[in-house]
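Encoded as structure tokens, the structure appears first; notes follow it.
Throughout, a chain's letter reflects where its sequence line sits, starting with A, and its residues are numbered from 1. The model shown is predicted, which means the values in this text are computed figures rather than measured ones.
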Number of protein chains: 2
Amino acid sequence: MENKASSFPKEFRSPCPIACVLDILGDKWTLLVIRDLFLNKHRYSEFIESPEGIPTNILADRLKRLEAAGLVSRQLYQSNPQRSEYFLTPMGTELKPVLSSMLQWAQRHIPDVRLPKGYQKAEIPAEA
Amino acid sequence: MENKASSFPKEFRSPCPIACVLDILGDKWTLLVIRDLFLNKHRYSEFIESPEGIPTNILADRLKRLEAAGLVSRQLYQSNPQRSEYFLTPMGTELKPVLSSMLQWAQRHIPDVRLPKGYQKAEIPAEA
DNA sequence: CCGGATCCGGTCTGATACTG
DNA sequence: CAGTATCAGACCGGATCCGG
């Protein structure tokens, strides 16, 4: 599939860098998966358990896309049956400021938001 | 569709602040409209002219939703026929860090991105 | 069982035509 | 010029199926 770690799928290219980012991240679920990865979730079942209830086919698709885009890597942790865990690549990890800024905005502007436990530890709110 | 709401629509509420933000911003077009607003575009025709080519019905819908969520305000600038311009509210303006962090990530990780003119002037890359 | 793939109805998108 | 109407097709998401 991909050999160079930082190669970006060129079918995503658009004149605007923001549009380009949104071609990967601009949907309802992708950033939630990335959020979960920051919260130290790594296995399929852990993503499924998140309160938003991502459908299994959507999750599989998003993980594939994120891997293809170089934001996520897959590592086998068991061979029979094959099971893998998902991790943010350095490129994916650098999305932290995007998550943090969203979180800060939410805390300022959405009434009654509380910071779920785990977020502080994951340092999502901190500036990178 | 939606009655006016200066506060945050509660049908968007979710246990996670990030999910909550994504209920408004998590799609292909919404953040592009907000980007355009930061680039000092205010009229329907200006959004339509952006290179991504947002369809007219989607634009109308997104502007309505953003207004309902309190991120955008509409101001009449002509009465016959009625014409209005769209502006970011303070709440919308505070999304700048989200845009900036996406832009910075794109500049670091997407090959051959150039910063389109207007972005520097709009200070999107600057930290808020 | 768990990680997905497949199937399928329903919703949303988006190209275009249309209206004031 | 600023939207609305229409409609086919894409995509989402729930249920189910399948391989290890």
Would you say [X] reaches [N]'s phosphate, i.e. side-chain N/O to OP1/OP2 under 4.0 Å?
X        : N      : answer
Ser84(A) : dG3(C) : no
Tyr86(B) : dG3(D) : yes
Tyr77(B) : dC1(D) : no

Checking the side chain of [X] only, and the main-chain atoms of [Y] only, is there a donor and an acceptor separated by less than 3.5 Å?
X        : Y        : answer
His42(A) : Tyr86(A) : yes
Trp29(A) : Pro55(A) : no
Ser79(B) : Gln82(B) : no
Tyr44(B) : Arg83(B) : no

Look at [X] together with [Y] and state whether they make a salt bridge at an N to O cut-off of under 4.0 Å.
X        : Y        : value
Glu52(A) : Arg35(A) : yes
Lys41(A) : Glu85(A) : no
Asp23(B) : Lys28(A) : no

In whole Å, what is the span from the [atom1] atom of [X] to the [atom2] atom of [N]?
X        : N       : atom1 : atom2 : result
Asp23(B) : dC12(C) : CG    : P     : 13 Å
Ile48(B) : dG3(D)  : CD1   : C1'   : 9 Å
Phe47(A) : dC2(C)  : CZ    : P     : 16 Å
Tyr44(B) : dG20(C) : OH    : C1'   : 14 Å
Gln82(B) : dT4(D)  : CD    : C1'   : 16 Å
His42(B) : dA2(D)  : NE2   : C1'   : 17 Å
Lys41(B) : dA2(D)  : NZ    : C1'   : 17 Å
Glu85(B) : dC1(D)  : CD    : C1'   : 13 Å

So which protein nitrogen or oxygen atoms get under 3.5 Å of nucleotides 10-16 of chain D's nitrogens or oxygens?
unit_1, atom_1, unit_2, atom_2, d
dC12(D), OP1, Arg62(A), NH2, 2.8
dG13(D), OP1, Lys28(A), NZ, 3.1
dG13(D), OP2, Trp29(A), NE1, 2.4
dG13(D), N7, Asn57(A), ND2, 3.0
dG14(D), O6, Asn57(A), ND2, 2.7

Measure distances between side-chain N and O atoms of Arg43(A) and base N and O atoms of dC2(C), and say whether any donor-acceptor pair falls under 3.5 Å.
->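 Side chain to base: no pair present.
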
